[in-house]
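As C-alpha cells, the structure follows; a few thoughts come after it.
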2 protein chains.
Amino acid sequence: MARLAGEERRKQIIEAAQTAILDRGLAQAATRDVTRALGVGSGLLHHYFPSWLDLRAQAVQLAVDREISEVQVSTSSLGASESLTYLISWMVEDEDMRHWRLWLNAMDEAHRDPRLAKVMTSAVQRWHEMVKELIARAQKEGICPGDDPAIVAWRLTALMDGLAGMALIEGGSMTLEKARNLLTKQLTLELGADFNNNQAGMNSSL
Amino acid sequence: MARLAGEERRKQIIEAAQTAILDRGLAQAATRDVTRALGVGSGLLHHYFPSWLDLRAQAVQLAVDREISEVQVSTSSLGASESLTYLISWMVEDEDMRHWRLWLNAMDEAHRDPRLAKVMTSAVQRWHEMVKELIARAQKEGICPGDDPAIVAWRLTALMDGLAGMALIEGGSMTLEKARNLLTKQLTLELGADFNNNQAGMNSSL
DNA sequence: CGCTCAATTGAGCAGATGCTCAACAAGTTG
DNA sequence: CAACTTGTTGAGCATCTGCTCAATTGAGCG
C-alpha cells in the first residue's frame, strides 16, 4: 500500500476495525479482517497498535464518542421537548441499526474485556448525563414536573437499550415503530400529558 | 470416564456447556472447555451433538426455559401485585447475575447464530406473554387501570433488560438496588398509585 | 463363552488467530 | 552522496479451534 502519514494511517485502521467489528462482532472480528480490507501487511497493524484488543477498544471508543457527541450537537439547538423527540427518532431511524448493534455488542463484551469495560462505563455515564440534562431542561420549560431528572433519565435510557435489544432480534415481534410509540408513551407517563400536547397535539389516553 | 447411559450423558454435557458458556461467554466457550471439565474424550461430545453450535444452542435453550418456568411456577400461586414484586425481586436477587449474563449474552450472540436467534425469539415472546398476563391480572384485581397490558409488559420487560445490562457494567453507577427502585416506580407510573398502596404502604411522590 | 452394539477414546487434520522479526522502501536531513 | 528515521512487508511460529475416524472398552444377552 501507498505510504501514509502516521496519524492518517492510524485513523484509517481504526475505521476499518469498526466495520470489521460491525460485520463479525467484537468477539469474532480479527486483525486479518482489517489488514485484508486495507490490503496491508499484518505487521503494519502492530506497528500502530500494541495489540488487537487495544485497537478494538479504541475503535469502540471512537464510535460511541461520535454517537454521543452527534446527539449532543443536534439537541443543543433544540428546545427540550423537541430534543427528546429527536432522541427517539435518532434511535429509531438508525437504518440497519449500526449504532445499537455495536452498543449492545460492546456492553456485552465489556464483561470479558477490561478495556471495553472502561470505555463503556464512561459512555453509559456520559449518555445518562446528557439525557438527564434534557429532562431537567424539559421540566424547567414548564412541562409538568415529575421525578428527579436523573431517575427519569435512567429509566428512559434503560428502556431504549432494552427495546433496541429486542428490536434487533430477528423474527421477533418488536419493531422500531413499536419502540418509538412505547418510548413516546413513556415520556408522557414521566413528564405528564403536557409533553404530548407541547409536541404533536396527540391525545393522551391515560 | 465411567460409562453412562445415553440420556444421562447428554444432560451432563449440556450442563457442563452451560457453565463453560457462563465462564467464557458464548463466543469464546469451546468444546474443549466441556470435555476437559468432564474429563472426557473429544469424540464423545460429537457422538451426542452434531456440532458445537448445536450443543451451545441447546444449552441456552434449556437455561432460558428453566428461568421462564421457574418464574411462572412461583407466580402462579401469588396475587397479581405480589407476582410483580416477586418478578422484580427475582431479577435483583440473582446473586452473581447468572441469569442476566447469559440472557444478554445470548440476545447479543443471536445476531450471528440463527440457532440462537430462534431460541431467543421464542424466549422473548414467552417472557412477554407471561408478564402481560401478570399485568392483566393486576388490572382485573382492581388496580388502577392503565394501558393495554401487552404494551405495559413490553415497557416493563425492556426496562428490566436495559437496567440489567447497565447493572452488569463494572464500575458503573447502576446498582441492583437502584434498579429495583426504578422498576417499582415504573409499576407505580403504569398501574397507578394503587399498586404501591396495595403493596407496601409507600407514598407515591408523583 | 462369543456376539453385538452403544459408549468412549485420542491422535491428528485443516483452518484460524495474534504477534514477531528480519528485511526492505521511501522520504528527510546534513 | 550517506545517514537516519519512519512506514511497510510477509513468512512463520505458537496456540487455539471444531471435527473425523479407526480403534478400544464394556455391558447385556443367548
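Bear in mind the structure is a predicted one, so any value in this text is a computation, not a measurement. Note on naming: letters A, B, ... go to the chains in the order of the sequence lines (proteins, then strands), and numbering restarts at 1 for each one.
- Counting only N and O atoms by type, the side chains of S122(A) and R126(A) include a donor and acceptor under 3.5 Å apart.
- Residues V40(B) and L45(B) form no side-chain contact, since every pair of their non-hydrogen atoms from C-beta on lies 4.5 Å or further apart.
- A close approach under 4.0 Å does not occur between any side-chain nitrogen or oxygen of R9(B) and OP1 or OP2 of dA6(C).
- Contact of the Y48(B) side chain with the L55(B) side chain is not registered, since no non-hydrogen atoms from C-beta on lie closer than 4.5 Å.
- Under the 4.5 Å side-chain criterion, counting only non-hydrogen atoms from C-beta, L87(A) is in contact with M160(A).
- For dA16(C), neither phosphate oxygen OP1 nor OP2 lies less than 4.0 angstrom from any side-chain nitrogen or oxygen of R24(A).
- A donor and an acceptor atom sit less than 3.5 Å apart, one in the side chain of R32(B) and one in the base of dG18(D).
- Smallest separation of non-hydrogen atoms from A59(A) and I21(A): CB-CD1, 4.0 Å.
- Rounded to 10 degrees, the angle between the two end axes of the helix from dC1(C)-dG30(D) to dG30(C)-dC1(D) is 20°, with five pairs used at each end.
- Between Q125(A) and I169(B), every side-chain heavy-atom pair lies at or beyond the 4.5 Å cut-off.
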Sub-3.5 Å pairs of nitrogen or oxygen atoms, protein against nucleotides 23-25 of chain D:
residue : atom : partner : partner atom : Å
dT25(D) : O2   : R3(B)   : NH1          : 3.1

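- By the 6.0 Å and 45° rule, R56(B) does not stack over the aromatic ring of F49(B).
- Applying a 4.0 Å cut-off to non-hydrogen atoms, the residues of residues 41-48 of chain A that approach DNA chain D are G41(A), S42(A), G43(A), L44(A), H47(A), Y48(A), listed by residue number.
- Closest non-hydrogen pair, G171(B) versus T121(A), comes out as O-CG2, 3.6 Å.
- Put simply, T31(B) has a side-chain N or O that comes within less than 4.0 Å of OP1 or OP2 on dG18(D).
- In this model, no donor atom of one side chain and acceptor atom of the other lie less than 3.5 Å apart for R180(B) and T175(B).
- Contact annotation for R36(B): no contact, since no heavy-atom pair falls under 4.0 Å across all strands.
- A ring-centre distance under 6.0 Å is found for W90(B) and H99(B).
- Under 4.0 Å is where a charged nitrogen must lie from a carboxylate oxygen, and between K140(B) and E133(B) no such pair does.
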